[in-house]
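Structure first, then comments.
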Amino acid sequence: MVRVIGHVDLDYFYAQVEEVENPSLRGKPVLVCVFSGRTEDSGVVSTANYVAREFGVRSGMPIVLAKKKLEGRDAVFIPVHDERYEAVSDGVMQLVGERVDVLEKTGIDEAFFDITMSSGADYSVARTLAAGIKTAIRESHGLSASIGLGRSKIVAKIASDFMKPDGLTVVTPESTVEFLGPLPVLKLYGVGPKTAEALAALGIRTIGDLASFDVGSLHERLGRKTAAYLHTAARGEDEEPVTERQGPTQLSRIITLKRNTRDADEAFNELMPAMDDLHHRLVSNGTSFRTLSTIGVLTDLSVKTKSKTFENPVEDLSLLKDDVRGLLQALSGSAGREFRRVGIRVSELSSKGDQTSLTQFY
DNA sequence: GTATGCTTTCGGC
DNA sequence: TTACGGCCGAAAGCATAC
């Protein structure tokens, strides 16, 4: 069955929202930053606009390094305004949702959609629909977006990335193999540096190399599951449906400590406000959880976690302070170096509605 | 072997 | 020369049960 799947990606999202709110920023390097508060400029760049990227600035780069690269360039450094981005995202997603059959939001600035029905499975009609979505986003929010269309999620995602910013890339089913062929295997979702290296050892560098490679040999080298996945992915033939997501599957907060420490109690005390905040989020959403985790980012920036899962859903995170403390102590004991940042995460979430409907069966 | 559940790590944005 | 967040979802790793 021929499907028409899309992927929409809002360009350099946080920085673009800042530009919309303050048009005088346009043309300047704009960097939306997370200031950790430890020292004057400690923290990283969350998003840089394309002007800043010209100078080698990237997401995740330390702010002080970005400042060096942009010395004398009239660059603007703005702290993140999460609530604003959430609000804009909600508006955009609602608007897109009205124009497609199914919308699957996968992040604050991106979503998959299915327009098989509304396009009548016609890629020419689909192109017009996608162009309409871009126009609607621009007219209502002043934002540019990049959209890719293809026969599957994999193709749509790669297509949206193909032409940025403000791109529209349509990959028909017939042109899929030709489109994917020249691209490096790293472009495939699920292929990271490790798999790419294993493939390179077999002489496979492009998706085209992969598509024409003998499946049996792939199987021997990489295992059955990976081989099967790569075989279909290289042809853009994955069958993953676009499905609406009901809510997050995990919630977390993480903070940067005022100073590095191995002392779990000191870290716990500093984590308390974030933990309370997470508690309030859970209560106001009526969300329970079964798994509790602590996260430690050590001085070498490596990440360690400790978690525990309860038999029954827990509603009240504030009752688990001793568990959190205990997990942090276990982390500290096994970490071997000081904490730089610590965090808390809850997962295996359920809503109150879910639980009552489940209890009806018992 | 395969399915399942839990813990930990990885990697995208 | 170094510099360094805060989230999220999914994969990987591991143990246990059938």
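Here is how names work: the chains are called A, B, and so on, in the same order as the sequence lines, proteins then strands, and each is numbered from 1. The figures here come from the full heavy-atom set of this structure, side chains too, leaving out hydrogens, waters and symmetry mates.
Taking 4.0 angstrom as the limit, A/R58 places none of its side-chain polar atoms (N or O) nearer than this to OP1 or OP2 of B/dC13. Contact between the side-chain N/O atoms of A/K187 and the OP1/OP2 oxygens of B/dG12 is not found at any separation under 4.0 Å. OP1 or OP2 of B/dT8 lies within a sub-4.0 Å distance of a side-chain N or O belonging to A/K306.
By the 6.0 Å and 45° rule, A/R290 does not stack over the aromatic ring of A/F310. A cation-pi arrangement, defined by a distance under 6.0 Å to the six-membered ring centre and an angle within 45 degrees of its axis, is absent between A/K153 and A/Y189.
One interatomic measurement links the two molecules: CD1 of A/I295 to P of B/dC10, which rounds to 14 Å at whole-angstrom precision. The CD-P distance, from A/E40 to C/dA3, rounds to 19 Å in whole Å. To the nearest angstrom, C1' of C/dA3 lies 15 Å from CG of A/L31. When the C1' atom of B/dG12 is taken as reference, atom CG of A/D9 falls 11 Å away, rounded to whole Å.
Fit an axis to the five pairs at each end of the helix from B/dG1-C/dC18 to B/dC13-C/dG6 and the two axes sit 30° apart, to the nearest 10 degrees.
Mapped onto DNA chain B by nearest heavy atom, A/K157 and A/F310 fall at different nucleotides, with A/F310 at the one closer to the 5' end.
Evaluated for a side-chain contact (heavy atoms from CB on, under 4.5 Å) with A/F339, the options A/T256, A/L257, A/D263 yield exactly one hit, A/L257.
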Report, one pair per line, the protein and nucleotides 4-6 of chain C atoms (nitrogen or oxygen only) whose separation is under 3.5 Å.
from, atom 1, to, atom 2, distance (Å)
C/dG5, OP1, A/S36, OG, 3.1
C/dG5, OP1, A/R340, NH2, 2.8
C/dG5, OP2, A/R340, NE, 3.2
C/dG5, N2, A/S46, OG, 3.2
C/dG6, OP2, A/T256, N, 3.4
C/dG6, OP2, A/T256, OG1, 2.8
C/dG6, OP2, A/R341, NE, 3.4

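The separation of C/dC4 from B/dC13, taken at their P atoms, amounts to 24 Å, rounded to a whole angstrom.
A/E348 comes within contact range of no nucleotide atom at all, as no heavy-atom separation falls under 4.0 Å. Within the 4.0 angstrom heavy-atom criterion, only backbone atoms of the sugar-phosphate kind lie near A/K304; the bases stay farther away. Contact annotation for A/L251: backbone-only contact, meaning every heavy-atom pair under 4.0 Å involves sugar-phosphate atoms and none involves a base.
Comparing B/dT9, C/dA3, C/dG9 against the side chain of A/T305 picks out B/dT9 as the nearest. Of the candidates C/dA3, C/dA10, B/dC6, the closest approach to any side-chain atom of A/Y189 belongs to C/dA10.
In terms of hydrophobic clustering, with Ile, Leu, Val, Met, Phe, Trp and Tyr side chains grouped at heavy-atom distances under 4.5 Å, A/Y123 and A/I133 are assigned to a common cluster.
Taking the six-membered ring for Trp and thresholds of 30 and 60 degrees, A/Y85 and A/Y14 have nearly parallel ring planes, at less than 30 degrees apart.
The ring of A/F179 has its center closer than 6.0 angstrom to the ring center of A/F162.
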